[in-house]
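For ligands, and for the atoms within them, numbers begin at 1 and follow the listed sequence. Everything numeric in this text was worked out from a predicted model, so none of it was measured. As a basis for the values below, the full set of heavy atoms in this structure was taken, side chains included, without hydrogen atoms, waters or symmetry mates.
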Amino acid sequence: MRRNGRNGQDGQATQGGVWQYSPAPEAREIVKLQPRYGLFINGEFVEPRSGRYFETINPATEEVLAEVAYADAADVDRAVQAARHAYEQVWSKLPGKERAKYLFRIARILQERSREFAVLESLDGGKPIRESRDVDLPLAAAHFFYHAGWADKLEYAFPGRTPRPLGVAGQIIPWNFPLLMAAWKVAPALACGNTVVLKPAETTPLTALLLCEVFQQAELPPGVVNIIPGDGQTGAWLVQHPDLDKIAFTGSTEVGRLIQKAVAGTRKRLTLELGGKAANVIFEDAAIDQAIEGIVNGIYFNQGHVCCAGSRLLVQESIADLVIRKLRRRIQLLRVGDPLDKNTDVGAINSLPQLRKIERLVEIGVQEGAELYQCDCTLPNKGYWYRPTVLTRVSTAHTVAREEIFGPVLSVLTFRTPDEAAQIANNTRYGLSAGVWTNKGSKYLEFASRVRAGVVWCNTYNKFDPASPFGGYKESGFGREGGVHGLAAYVAF
Ligand code: ADP
(Lines give C-alpha, C1' and ligand atoms only; values in the text may rest on other atoms or scores of the structure.)
Protein backbone atom coordinates (compact mmCIF):
# COMPACT_ATOMS: atom_id res chain seq x y z
CA MET A 1 0.00 0.00 0.00
CA ARG A 2 1.26 3.47 -0.70
CA ARG A 3 0.13 6.95 0.09
CA ASN A 4 -0.35 9.25 -2.87
CA GLY A 5 -0.86 12.98 -2.97
CA ARG A 6 0.84 15.77 -1.14
CA ASN A 7 2.60 13.50 1.31
CA GLY A 8 3.00 10.61 -1.13
CA GLN A 9 6.21 9.43 -2.72
CA ASP A 10 5.12 10.03 -6.30
CA GLY A 11 3.21 13.25 -5.79
CA GLN A 12 0.22 12.12 -7.83
CA ALA A 13 -3.27 13.43 -7.20
CA THR A 14 -5.08 11.42 -4.60
CA GLN A 15 -8.57 10.10 -4.41
CA GLY A 16 -9.84 12.35 -1.65
CA GLY A 17 -6.33 12.39 -0.08
CA VAL A 18 -6.66 8.80 1.13
CA TRP A 19 -4.46 5.78 1.11
CA GLN A 20 -4.39 4.07 -2.27
CA TYR A 21 -3.53 0.50 -3.12
CA SER A 22 -1.10 -0.29 -5.91
CA PRO A 23 -2.83 -1.98 -8.85
CA ALA A 24 -3.28 -5.73 -8.40
CA PRO A 25 -4.80 -6.94 -11.65
CA GLU A 26 -5.88 -10.55 -11.99
CA ALA A 27 -4.18 -12.21 -15.00
CA ARG A 28 -6.62 -12.58 -17.87
CA GLU A 29 -4.52 -15.21 -19.70
CA ILE A 30 -6.37 -17.94 -17.87
CA VAL A 31 -9.32 -17.25 -20.16
CA LYS A 32 -8.94 -18.66 -23.67
CA LEU A 33 -11.36 -16.60 -25.68
CA GLN A 34 -12.47 -17.99 -29.00
CA PRO A 35 -13.05 -15.52 -31.80
CA ARG A 36 -16.50 -17.06 -32.42
CA TYR A 37 -18.95 -19.07 -30.35
CA GLY A 38 -21.74 -21.25 -31.76
CA LEU A 39 -25.05 -22.25 -30.22
CA PHE A 40 -24.90 -25.14 -27.77
CA ILE A 41 -27.49 -27.65 -28.95
CA ASN A 42 -27.62 -31.37 -28.33
CA GLY A 43 -24.28 -31.46 -26.55
CA GLU A 44 -22.21 -29.60 -29.13
CA PHE A 45 -21.47 -26.16 -30.45
CA VAL A 46 -23.20 -25.68 -33.79
CA GLU A 47 -23.49 -22.94 -36.40
CA PRO A 48 -26.73 -21.00 -36.14
CA ARG A 49 -29.33 -21.60 -38.86
CA SER A 50 -29.86 -17.84 -38.72
CA GLY A 51 -26.31 -17.39 -40.08
CA ARG A 52 -26.06 -14.38 -37.75
CA TYR A 53 -23.46 -13.51 -35.13
CA PHE A 54 -23.30 -10.57 -32.73
CA GLU A 55 -20.42 -9.01 -30.83
CA THR A 56 -20.03 -9.09 -27.09
CA ILE A 57 -17.83 -6.38 -25.60
CA ASN A 58 -15.95 -5.63 -22.42
CA PRO A 59 -17.89 -2.69 -20.94
CA ALA A 60 -14.79 -1.49 -19.06
CA THR A 61 -12.78 -0.98 -22.26
CA GLU A 62 -15.30 -1.26 -25.14
CA GLU A 63 -13.02 -3.96 -26.58
CA VAL A 64 -14.81 -6.63 -28.66
CA LEU A 65 -14.29 -9.95 -26.86
CA ALA A 66 -15.88 -12.39 -29.30
CA GLU A 67 -18.63 -12.98 -31.82
CA VAL A 68 -21.52 -15.04 -30.60
CA ALA A 69 -24.11 -16.96 -32.61
CA TYR A 70 -27.61 -15.50 -32.69
CA ALA A 71 -30.49 -17.94 -32.36
CA ASP A 72 -33.52 -17.26 -34.54
CA ALA A 73 -36.90 -19.05 -34.47
CA ALA A 74 -35.52 -22.08 -36.36
CA ASP A 75 -32.61 -22.34 -33.92
CA VAL A 76 -34.97 -22.07 -30.95
CA ASP A 77 -37.02 -24.89 -32.43
CA ARG A 78 -33.93 -27.04 -32.93
CA ALA A 79 -32.89 -26.50 -29.30
CA VAL A 80 -36.38 -27.30 -27.97
CA GLN A 81 -36.50 -30.48 -30.06
CA ALA A 82 -33.12 -31.55 -28.68
CA ALA A 83 -34.30 -30.88 -25.13
CA ARG A 84 -37.55 -32.79 -25.73
CA HIS A 85 -35.71 -35.77 -27.16
CA ALA A 86 -33.24 -35.81 -24.25
CA TYR A 87 -36.12 -35.53 -21.79
CA GLU A 88 -38.08 -38.43 -23.24
CA GLN A 89 -35.23 -40.75 -24.13
CA VAL A 90 -32.71 -40.17 -21.36
CA TRP A 91 -33.14 -37.70 -18.53
CA SER A 92 -36.66 -38.49 -17.31
CA LYS A 93 -35.72 -42.18 -17.22
CA LEU A 94 -32.62 -41.74 -15.07
CA PRO A 95 -33.03 -42.42 -11.35
CA GLY A 96 -32.43 -39.40 -9.13
CA LYS A 97 -29.12 -40.72 -7.83
CA GLU A 98 -27.77 -40.81 -11.41
CA ARG A 99 -28.91 -37.24 -12.11
CA ALA A 100 -27.23 -36.23 -8.84
CA LYS A 101 -23.87 -37.57 -10.05
CA TYR A 102 -23.91 -35.19 -13.02
CA LEU A 103 -24.84 -32.23 -10.84
CA PHE A 104 -22.05 -33.05 -8.39
CA ARG A 105 -19.60 -33.28 -11.26
CA ILE A 106 -20.69 -29.92 -12.66
CA ALA A 107 -20.32 -28.35 -9.20
CA ARG A 108 -16.82 -29.74 -8.76
CA ILE A 109 -15.65 -28.69 -12.22
CA LEU A 110 -17.01 -25.19 -11.58
CA GLN A 111 -14.93 -25.05 -8.42
CA GLU A 112 -11.84 -26.28 -10.24
CA ARG A 113 -12.28 -23.73 -13.02
CA SER A 114 -13.58 -20.94 -10.81
CA ARG A 115 -10.76 -18.48 -11.47
CA GLU A 116 -11.24 -18.82 -15.22
CA PHE A 117 -14.99 -18.27 -14.84
CA ALA A 118 -14.52 -15.31 -12.51
CA VAL A 119 -12.14 -13.55 -14.90
CA LEU A 120 -14.46 -14.16 -17.85
CA GLU A 121 -17.46 -12.89 -15.87
CA SER A 122 -15.63 -9.67 -15.04
CA LEU A 123 -14.43 -9.24 -18.64
CA ASP A 124 -17.85 -9.70 -20.22
CA GLY A 125 -19.98 -8.01 -17.57
CA GLY A 126 -17.77 -5.34 -15.97
CA LYS A 127 -18.24 -6.45 -12.36
CA PRO A 128 -15.24 -6.38 -10.00
CA ILE A 129 -13.26 -9.59 -9.84
CA ARG A 130 -13.67 -9.55 -6.06
CA GLU A 131 -17.41 -9.92 -6.57
CA SER A 132 -17.26 -12.56 -9.31
CA ARG A 133 -14.54 -14.51 -7.47
CA ASP A 134 -16.03 -14.32 -3.96
CA VAL A 135 -19.75 -14.22 -4.66
CA ASP A 136 -20.84 -15.37 -8.13
CA LEU A 137 -18.60 -18.42 -8.46
CA PRO A 138 -18.89 -19.91 -4.97
CA LEU A 139 -22.66 -19.42 -5.07
CA ALA A 140 -22.98 -20.94 -8.55
CA ALA A 141 -21.06 -24.05 -7.45
CA ALA A 142 -23.03 -24.17 -4.19
CA HIS A 143 -26.26 -24.17 -6.18
CA PHE A 144 -25.24 -27.26 -8.13
CA PHE A 145 -24.04 -29.00 -4.94
CA TYR A 146 -27.25 -28.18 -3.11
CA HIS A 147 -29.50 -29.45 -5.90
CA ALA A 148 -27.35 -32.53 -6.45
CA GLY A 149 -28.25 -33.38 -2.87
CA TRP A 150 -31.98 -33.13 -3.59
CA ALA A 151 -32.06 -35.09 -6.87
CA ASP A 152 -32.57 -38.49 -5.21
CA LYS A 153 -34.58 -37.19 -2.22
CA LEU A 154 -37.46 -35.39 -3.87
CA GLU A 155 -40.06 -37.51 -2.11
CA TYR A 156 -38.62 -36.21 1.19
CA ALA A 157 -38.91 -32.64 -0.07
CA PHE A 158 -42.61 -33.25 -0.67
CA PRO A 159 -43.65 -35.87 1.90
CA GLY A 160 -46.63 -38.00 1.00
CA ARG A 161 -46.64 -36.82 -2.59
CA THR A 162 -45.10 -38.13 -5.78
CA PRO A 163 -43.19 -35.38 -7.54
CA ARG A 164 -42.79 -35.73 -11.30
CA PRO A 165 -40.72 -33.55 -13.64
CA LEU A 166 -42.59 -31.01 -15.79
CA GLY A 167 -40.74 -31.72 -19.05
CA VAL A 168 -38.82 -29.09 -21.01
CA ALA A 169 -38.12 -25.70 -19.42
CA GLY A 170 -37.38 -22.50 -21.36
CA GLN A 171 -35.27 -20.18 -19.23
CA ILE A 172 -34.32 -16.55 -19.83
CA ILE A 173 -31.80 -14.69 -17.71
CA PRO A 174 -30.42 -11.13 -17.39
CA TRP A 175 -26.91 -9.69 -17.42
CA ASN A 176 -26.35 -8.86 -13.75
CA PHE A 177 -25.32 -12.35 -12.56
CA PRO A 178 -24.82 -14.20 -15.85
CA LEU A 179 -23.36 -17.45 -14.53
CA LEU A 180 -25.13 -17.43 -11.17
CA MET A 181 -28.52 -16.92 -12.81
CA ALA A 182 -27.76 -19.80 -15.18
CA ALA A 183 -26.94 -21.97 -12.15
CA TRP A 184 -30.10 -20.85 -10.34
CA LYS A 185 -32.16 -21.88 -13.34
CA VAL A 186 -30.40 -25.03 -14.56
CA ALA A 187 -29.60 -26.80 -11.26
CA PRO A 188 -33.16 -27.17 -9.86
CA ALA A 189 -34.58 -28.00 -13.30
CA LEU A 190 -32.10 -30.84 -13.78
CA ALA A 191 -32.35 -32.08 -10.21
CA CYS A 192 -36.09 -32.53 -10.69
CA GLY A 193 -35.66 -34.40 -13.99
CA ASN A 194 -36.44 -31.64 -16.51
CA THR A 195 -34.38 -30.64 -19.53
CA VAL A 196 -33.56 -27.06 -20.44
CA VAL A 197 -33.23 -24.48 -23.19
CA LEU A 198 -31.59 -21.38 -21.71
CA LYS A 199 -31.15 -17.97 -23.28
CA PRO A 200 -28.46 -15.77 -21.69
CA ALA A 201 -28.59 -11.97 -21.94
CA GLU A 202 -27.23 -10.41 -25.11
CA THR A 203 -24.51 -8.40 -23.31
CA THR A 204 -23.17 -11.29 -21.20
CA PRO A 205 -23.34 -14.64 -23.02
CA LEU A 206 -19.77 -15.84 -22.47
CA THR A 207 -19.87 -17.55 -19.07
CA ALA A 208 -23.04 -19.44 -20.02
CA LEU A 209 -21.16 -20.67 -23.10
CA LEU A 210 -18.16 -21.65 -20.97
CA LEU A 211 -20.59 -23.54 -18.76
CA CYS A 212 -21.42 -25.64 -21.83
CA GLU A 213 -17.79 -26.81 -21.82
CA VAL A 214 -18.34 -27.89 -18.22
CA PHE A 215 -21.42 -29.86 -19.27
CA GLN A 216 -19.29 -31.59 -21.91
CA GLN A 217 -16.53 -32.28 -19.37
CA ALA A 218 -19.11 -33.71 -16.97
CA GLU A 219 -20.45 -35.87 -19.84
CA LEU A 220 -23.94 -34.59 -19.30
CA PRO A 221 -26.10 -36.44 -21.86
CA PRO A 222 -26.56 -34.40 -25.07
CA GLY A 223 -29.65 -32.20 -25.19
CA VAL A 224 -30.23 -32.08 -21.42
CA VAL A 225 -29.10 -28.41 -21.41
CA ASN A 226 -29.10 -26.31 -24.58
CA ILE A 227 -27.85 -22.73 -24.57
CA ILE A 228 -28.93 -20.31 -27.26
CA PRO A 229 -27.66 -16.72 -27.11
CA GLY A 230 -29.68 -13.96 -28.74
CA ASP A 231 -31.64 -10.82 -27.91
CA GLY A 232 -35.16 -10.10 -26.67
CA GLN A 233 -36.62 -11.44 -29.89
CA THR A 234 -34.89 -14.78 -29.31
CA GLY A 235 -36.40 -14.75 -25.82
CA ALA A 236 -39.84 -14.05 -27.29
CA TRP A 237 -39.49 -16.95 -29.77
CA LEU A 238 -38.52 -19.21 -26.91
CA VAL A 239 -41.49 -18.15 -24.78
CA GLN A 240 -43.86 -18.71 -27.71
CA HIS A 241 -42.56 -22.17 -28.57
CA PRO A 242 -45.49 -24.58 -28.23
CA ASP A 243 -43.48 -27.54 -26.97
CA LEU A 244 -42.34 -26.10 -23.64
CA ASP A 245 -43.81 -27.07 -20.29
CA LYS A 246 -42.32 -24.31 -18.19
CA ILE A 247 -40.94 -20.80 -18.57
CA ALA A 248 -38.64 -19.31 -15.94
CA PHE A 249 -37.67 -15.68 -16.38
CA THR A 250 -35.47 -13.23 -14.49
CA GLY A 251 -35.36 -9.67 -15.80
CA SER A 252 -37.34 -6.47 -15.98
CA THR A 253 -40.96 -6.11 -14.90
CA GLU A 254 -41.85 -4.77 -18.39
CA VAL A 255 -40.61 -7.93 -20.13
CA GLY A 256 -42.09 -10.10 -17.35
CA ARG A 257 -45.49 -8.63 -18.19
CA LEU A 258 -45.07 -9.45 -21.89
CA ILE A 259 -44.09 -13.01 -21.02
CA GLN A 260 -47.04 -13.46 -18.69
CA LYS A 261 -49.37 -12.37 -21.51
CA ALA A 262 -47.71 -14.70 -24.00
CA VAL A 263 -47.99 -17.67 -21.63
CA ALA A 264 -51.59 -17.00 -20.56
CA GLY A 265 -53.97 -19.72 -21.68
CA THR A 266 -51.21 -22.24 -22.45
CA ARG A 267 -50.15 -25.28 -20.42
CA LYS A 268 -46.81 -23.65 -19.61
CA ARG A 269 -46.00 -23.09 -15.96
CA LEU A 270 -44.40 -19.75 -15.22
CA THR A 271 -42.11 -18.22 -12.62
CA LEU A 272 -41.01 -14.58 -12.80
CA GLU A 273 -38.26 -12.88 -10.83
CA LEU A 274 -38.50 -9.21 -11.72
CA GLY A 275 -37.41 -5.77 -10.57
CA GLY A 276 -37.04 -4.32 -7.10
CA LYS A 277 -36.72 -1.07 -5.18
CA ALA A 278 -35.56 -2.31 -1.82
CA ALA A 279 -35.66 -0.24 1.35
CA ASN A 280 -32.64 -0.46 3.61
CA VAL A 281 -33.81 0.92 6.95
CA ILE A 282 -31.53 2.26 9.70
CA PHE A 283 -33.03 2.82 13.12
CA GLU A 284 -31.34 5.19 15.58
CA ASP A 285 -30.22 2.30 17.79
CA ALA A 286 -28.27 0.59 14.98
CA ALA A 287 -24.50 0.04 15.02
CA ILE A 288 -24.00 2.89 12.58
CA ASP A 289 -20.56 2.09 11.16
CA GLN A 290 -21.61 -1.49 10.53
CA ALA A 291 -24.80 -0.26 8.90
CA ILE A 292 -22.84 2.09 6.62
CA GLU A 293 -20.79 -0.88 5.40
CA GLY A 294 -23.99 -2.83 4.80
CA ILE A 295 -25.51 0.04 2.84
CA VAL A 296 -22.39 0.37 0.71
CA ASN A 297 -22.39 -3.38 0.10
CA GLY A 298 -26.10 -3.26 -0.71
CA ILE A 299 -25.88 -0.64 -3.45
CA TYR A 300 -22.35 0.25 -4.61
CA PHE A 301 -20.48 -3.04 -4.82
CA ASN A 302 -21.70 -4.56 -8.06
CA GLN A 303 -22.57 -1.08 -9.44
CA GLY A 304 -26.11 -1.39 -8.09
CA HIS A 305 -26.69 -4.03 -10.78
CA VAL A 306 -28.77 -6.24 -8.50
CA CYS A 307 -32.53 -6.39 -8.51
CA CYS A 308 -32.46 -6.70 -4.71
CA ALA A 309 -30.06 -3.71 -4.33
CA GLY A 310 -30.79 -1.57 -1.27
CA SER A 311 -31.47 1.45 -3.47
CA ARG A 312 -33.68 3.34 -1.01
CA LEU A 313 -32.02 4.22 2.28
CA LEU A 314 -34.59 4.97 4.99
CA VAL A 315 -32.85 6.61 7.92
CA GLN A 316 -34.39 7.67 11.22
CA GLU A 317 -34.49 11.45 11.40
CA SER A 318 -32.52 11.72 14.66
CA ILE A 319 -29.41 10.18 13.07
CA ALA A 320 -29.91 11.33 9.46
CA ASP A 321 -27.21 14.03 9.45
CA LEU A 322 -24.66 11.70 11.00
CA VAL A 323 -25.43 8.84 8.61
CA ILE A 324 -25.34 11.06 5.53
CA ARG A 325 -22.01 12.57 6.64
CA LYS A 326 -20.49 9.13 7.18
CA LEU A 327 -21.91 7.84 3.93
CA ARG A 328 -20.40 10.70 1.94
CA ARG A 329 -17.02 10.05 3.53
CA ARG A 330 -17.32 6.34 2.80
CA ILE A 331 -18.18 6.69 -0.88
CA GLN A 332 -15.11 8.87 -1.35
CA LEU A 333 -13.08 5.82 -0.39
CA LEU A 334 -14.66 3.51 -2.96
CA ARG A 335 -12.23 2.39 -5.61
CA VAL A 336 -13.87 2.66 -9.03
CA GLY A 337 -12.08 1.23 -12.05
CA ASP A 338 -10.56 -1.84 -13.67
CA PRO A 339 -12.89 -4.76 -12.87
CA LEU A 340 -9.95 -7.15 -13.01
CA ASP A 341 -8.09 -5.29 -10.25
CA LYS A 342 -8.52 -7.18 -6.99
CA ASN A 343 -8.83 -3.90 -5.08
CA THR A 344 -11.69 -2.54 -7.15
CA ASP A 345 -14.97 -1.97 -5.32
CA VAL A 346 -17.09 -0.61 -8.16
CA GLY A 347 -16.68 -1.81 -11.73
CA ALA A 348 -18.10 -0.74 -15.10
CA ILE A 349 -21.73 -0.22 -15.98
CA ASN A 350 -22.84 -3.18 -18.05
CA SER A 351 -23.79 -1.39 -21.26
CA LEU A 352 -24.18 2.05 -22.81
CA PRO A 353 -28.02 1.97 -22.75
CA GLN A 354 -27.86 1.10 -19.03
CA LEU A 355 -25.45 3.99 -18.40
CA ARG A 356 -27.76 6.40 -20.24
CA LYS A 357 -30.70 5.18 -18.20
CA ILE A 358 -28.85 5.83 -14.93
CA GLU A 359 -27.81 9.31 -16.11
CA ARG A 360 -31.36 10.15 -17.15
CA LEU A 361 -32.92 9.01 -13.87
CA VAL A 362 -30.39 10.89 -11.73
CA GLU A 363 -31.02 14.03 -13.80
CA ILE A 364 -34.74 13.65 -13.17
CA GLY A 365 -34.00 13.18 -9.46
CA VAL A 366 -32.10 16.47 -9.32
CA GLN A 367 -34.81 18.29 -11.31
CA GLU A 368 -37.38 17.02 -8.83
CA GLY A 369 -35.43 18.51 -5.94
CA ALA A 370 -32.99 15.84 -4.72
CA GLU A 371 -29.55 16.95 -3.60
CA LEU A 372 -26.74 15.23 -5.50
CA TYR A 373 -23.49 14.03 -3.99
CA GLN A 374 -20.98 11.99 -6.02
CA CYS A 375 -17.63 10.39 -5.38
CA ASP A 376 -15.04 12.61 -7.09
CA CYS A 377 -12.81 9.72 -8.19
CA THR A 378 -11.13 9.75 -11.59
CA LEU A 379 -13.00 7.58 -14.06
CA PRO A 380 -11.25 5.66 -16.87
CA ASN A 381 -11.38 7.33 -20.29
CA LYS A 382 -12.90 4.39 -22.12
CA GLY A 383 -15.79 2.18 -21.16
CA TYR A 384 -19.04 2.84 -19.31
CA TRP A 385 -18.70 4.31 -15.83
CA TYR A 386 -20.86 6.02 -13.27
CA ARG A 387 -19.75 7.62 -10.03
CA PRO A 388 -21.09 6.22 -6.77
CA THR A 389 -23.90 8.66 -6.03
CA VAL A 390 -26.02 9.66 -3.04
CA LEU A 391 -29.28 11.57 -3.55
CA THR A 392 -30.59 13.19 -0.37
CA ARG A 393 -33.82 15.12 0.35
CA VAL A 394 -35.75 12.47 -1.56
CA SER A 395 -39.43 11.90 -0.83
CA THR A 396 -41.63 8.93 -1.73
CA ALA A 397 -43.18 10.84 -4.64
CA HIS A 398 -39.82 11.33 -6.37
CA THR A 399 -39.08 9.27 -9.47
CA VAL A 400 -35.77 8.12 -7.96
CA ALA A 401 -37.67 6.66 -5.00
CA ARG A 402 -40.04 4.74 -7.27
CA GLU A 403 -38.17 3.65 -10.41
CA GLU A 404 -35.56 0.93 -10.43
CA ILE A 405 -32.30 2.70 -11.43
CA PHE A 406 -30.03 -0.35 -11.56
CA GLY A 407 -26.90 1.71 -10.95
CA PRO A 408 -24.68 2.86 -8.05
CA VAL A 409 -27.23 5.42 -6.91
CA LEU A 410 -28.67 5.59 -3.42
CA SER A 411 -31.80 7.64 -2.68
CA VAL A 412 -32.03 8.75 0.96
CA LEU A 413 -35.38 9.27 2.68
CA THR A 414 -36.04 9.89 6.36
CA PHE A 415 -38.66 8.63 8.83
CA ARG A 416 -39.59 9.27 12.46
CA THR A 417 -41.29 6.13 13.77
CA PRO A 418 -41.13 2.38 13.04
CA ASP A 419 -44.68 2.68 11.65
CA GLU A 420 -43.61 5.29 9.19
CA ALA A 421 -40.54 3.23 8.22
CA ALA A 422 -42.71 0.22 7.35
CA GLN A 423 -45.18 2.37 5.51
CA ILE A 424 -42.48 4.00 3.34
CA ALA A 425 -40.73 0.65 2.78
CA ASN A 426 -44.02 -0.76 1.44
CA ASN A 427 -44.79 2.31 -0.64
CA THR A 428 -43.51 0.76 -3.85
CA ARG A 429 -44.90 -1.39 -6.61
CA TYR A 430 -42.08 -3.86 -5.98
CA GLY A 431 -41.47 -6.30 -3.14
CA LEU A 432 -38.29 -8.27 -3.65
CA SER A 433 -36.10 -7.49 -0.68
CA ALA A 434 -35.47 -5.14 2.25
CA GLY A 435 -32.88 -4.57 4.95
CA VAL A 436 -33.17 -3.40 8.54
CA TRP A 437 -30.48 -2.22 10.95
CA THR A 438 -31.21 -2.08 14.68
CA ASN A 439 -29.85 -3.61 17.86
CA LYS A 440 -33.35 -4.63 19.03
CA GLY A 441 -34.44 -8.09 17.98
CA SER A 442 -38.09 -7.24 18.58
CA LYS A 443 -37.82 -4.24 16.27
CA TYR A 444 -36.43 -6.12 13.32
CA LEU A 445 -38.85 -9.02 13.76
CA GLU A 446 -41.73 -6.56 13.86
CA PHE A 447 -40.38 -4.75 10.78
CA ALA A 448 -39.78 -7.99 8.87
CA SER A 449 -43.33 -9.13 9.54
CA ARG A 450 -44.78 -5.89 8.20
CA VAL A 451 -42.70 -5.45 5.08
CA ARG A 452 -44.02 -7.05 1.91
CA ALA A 453 -40.70 -8.29 0.56
CA GLY A 454 -39.51 -11.78 -0.35
CA VAL A 455 -36.30 -11.41 1.67
CA VAL A 456 -35.62 -9.18 4.66
CA TRP A 457 -32.02 -8.99 5.80
CA CYS A 458 -31.38 -7.97 9.40
CA ASN A 459 -28.09 -6.25 10.27
CA THR A 460 -26.63 -7.52 7.01
CA TYR A 461 -27.38 -7.24 3.31
CA ASN A 462 -27.14 -9.24 0.08
CA LYS A 463 -26.58 -12.60 1.73
CA PHE A 464 -27.56 -15.63 -0.31
CA ASP A 465 -27.73 -19.33 0.30
CA PRO A 466 -29.05 -22.04 -2.03
CA ALA A 467 -31.21 -23.39 0.80
CA SER A 468 -32.97 -20.07 1.24
CA PRO A 469 -35.79 -19.24 -1.18
CA PHE A 470 -35.54 -15.97 -3.10
CA GLY A 471 -38.33 -14.18 -4.97
CA GLY A 472 -40.80 -11.35 -4.80
CA TYR A 473 -44.23 -9.96 -4.08
CA LYS A 474 -46.28 -7.57 -6.19
CA GLU A 475 -44.51 -6.42 -9.37
CA SER A 476 -41.30 -8.19 -8.35
CA GLY A 477 -42.85 -11.41 -9.65
CA PHE A 478 -43.90 -14.76 -8.27
CA GLY A 479 -42.38 -18.14 -7.59
CA ARG A 480 -39.27 -18.76 -5.54
CA GLU A 481 -35.74 -19.86 -6.46
CA GLY A 482 -33.66 -21.85 -4.00
CA GLY A 483 -34.69 -24.11 -1.16
CA VAL A 484 -37.59 -26.53 -1.27
CA HIS A 485 -39.80 -23.73 -2.62
CA GLY A 486 -37.52 -23.48 -5.64
CA LEU A 487 -37.80 -27.22 -6.30
CA ALA A 488 -41.59 -26.93 -6.24
CA ALA A 489 -41.37 -24.74 -9.33
CA TYR A 490 -39.99 -27.66 -11.35
CA VAL A 491 -42.25 -30.54 -10.34
CA ALA A 492 -45.85 -31.61 -10.82
CA PHE A 493 -47.72 -34.02 -8.54
P1 ADP B 1 -32.80 -5.90 -18.11
O2 ADP B 1 -33.52 -4.60 -18.02
O3 ADP B 1 -32.32 -6.45 -16.84
O4 ADP B 1 -31.85 -5.99 -19.25
P5 ADP B 1 -34.68 -7.37 -19.68
O6 ADP B 1 -35.97 -7.81 -19.12
O7 ADP B 1 -34.67 -6.37 -20.77
O8 ADP B 1 -33.90 -6.94 -18.39
O9 ADP B 1 -33.83 -8.62 -20.17
C10 ADP B 1 -33.71 -9.81 -19.45
C11 ADP B 1 -33.67 -10.97 -20.42
O12 ADP B 1 -34.90 -11.02 -21.13
C13 ADP B 1 -32.59 -10.86 -21.48
O14 ADP B 1 -32.06 -12.15 -21.71
C15 ADP B 1 -33.35 -10.36 -22.69
O16 ADP B 1 -32.75 -10.72 -23.91
C17 ADP B 1 -34.67 -11.06 -22.52
N18 ADP B 1 -35.81 -10.42 -23.19
C19 ADP B 1 -35.95 -9.12 -23.55
N20 ADP B 1 -37.15 -8.92 -24.15
C21 ADP B 1 -37.78 -10.12 -24.17
C22 ADP B 1 -39.08 -10.57 -24.64
N23 ADP B 1 -39.94 -9.73 -25.19
N24 ADP B 1 -39.39 -11.87 -24.46
C25 ADP B 1 -38.54 -12.73 -23.86
N26 ADP B 1 -37.32 -12.36 -23.41
C27 ADP B 1 -36.93 -11.07 -23.55
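Neither the backbone nor the side chain of Leu238 has any atom closer than 4.0 Å to an atom of ligand 1 (non-hydrogen atoms only). Residue contacts with ligand 1 for Gln233 are absent, since no atom lies close enough (heavy atoms, distance under 4.0 Å). With a 4.0 Å heavy-atom cut-off, ligand 1 is reached by no atom of Asn176.
Two residues are said to be in side-chain contact when any heavy atoms from C-beta on lie closer than 4.5 Å; Gln354 and Trp175 meet this criterion. Contact check for Asn176 versus Gln303: no side-chain heavy atoms found under the 4.5 Å cut-off.
The nearest heavy-atom contact from the protein to atom 24 (N) of ligand 1 is Ala236 N, 3.4 Å. What sits closest to atom 23 (N) of ligand 1 on the protein, heavy atoms only, is Leu258 CD1, 3.8 Å. Closest to atom 17 (C) of ligand 1 among all protein heavy atoms lies Ile172 CG2, 3.7 Å. From the protein, the heavy atom lying nearest to atom 13 (C) of ligand 1 is Ile173 O, 3.5 Å. Among all non-hydrogen protein atoms, the one lying nearest atom 12 (O) of ligand 1 is Phe249 CE1, 3.2 Å. Among protein heavy atoms, the minimum distance from atom 1 (P) of ligand 1 is reached at Trp175 NE1, 3.8 Å. Nearest protein heavy-atom neighbour of atom 16 (O) of ligand 1: Glu202 OE1, 2.7 Å.
Between Glu112 and Arg115 there is no salt bridge, since no side-chain N of the basic residue sits under 4.0 Å from a carboxylate O of the acidic one.
Closer than 4.0 Å to atom 4 (O) of ligand 1 lies at least one heavy atom of the protein.
For the pair Lys474 and Tyr430, the NZ or CZ position fails the cation-pi test of under 6.0 Å to the six-membered ring centre and within 45 degrees of the ring normal. In this structure, Lys199 fails the cation-pi test against Phe249, since its NZ or CZ atom is not both closer than 6.0 Å to the six-membered ring centre and inside 45 degrees of the ring normal.
Those atoms of ligand 1 that come under 4.0 Å of a heavy atom in Asp231, given as number and element, are 16 (O). For ligand 1, the atoms closer than 4.0 angstrom to any heavy atom of Ser252 are 2 (O), 5 (P), 6 (O), 7 (O), 8 (O).
Closest heavy-atom approach to atom 10 (C) of ligand 1 among the candidates Leu274, Thr234, Thr250: Thr250. Considering each of Val255, Thr204, Leu198, the one bringing a non-hydrogen atom nearest atom 21 (C) of ligand 1 is Val255. If you check each of Ala201, Gly232, Gly235 against atom 18 (N) of ligand 1, the one with the closest non-hydrogen atom is Gly232.
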List the steps and the verdict of ring-ring contact (aromatic ring centres under 6.0 Å, His included) for Phe144 and Trp184. CA-CA 8 Å; Phe144 279 103; Trp184 275 29; over 10 Å; no

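Contact annotation: Phe406 has no heavy atom less than 4.0 Å from any atom of ligand 1.
Taking a 6.0 Å sphere around CD of Glu219, one finds it holds 12 or fewer heavy atoms contributed by other residues, nucleotides or ligands. Environment of CD in Gln233: crowded, with over 12 heavy atoms of neighbouring residues, nucleotides or ligands closer than 6.0 Å.
A tilted orientation is assigned to the rings of Tyr461 and Trp457, their planes being inclined by 30° to 60°. Taking the six-membered ring where tryptophan is involved, the planes of Trp237 and Tyr70 are perpendicular, since the angle between them exceeds 60° and thus also 30°.
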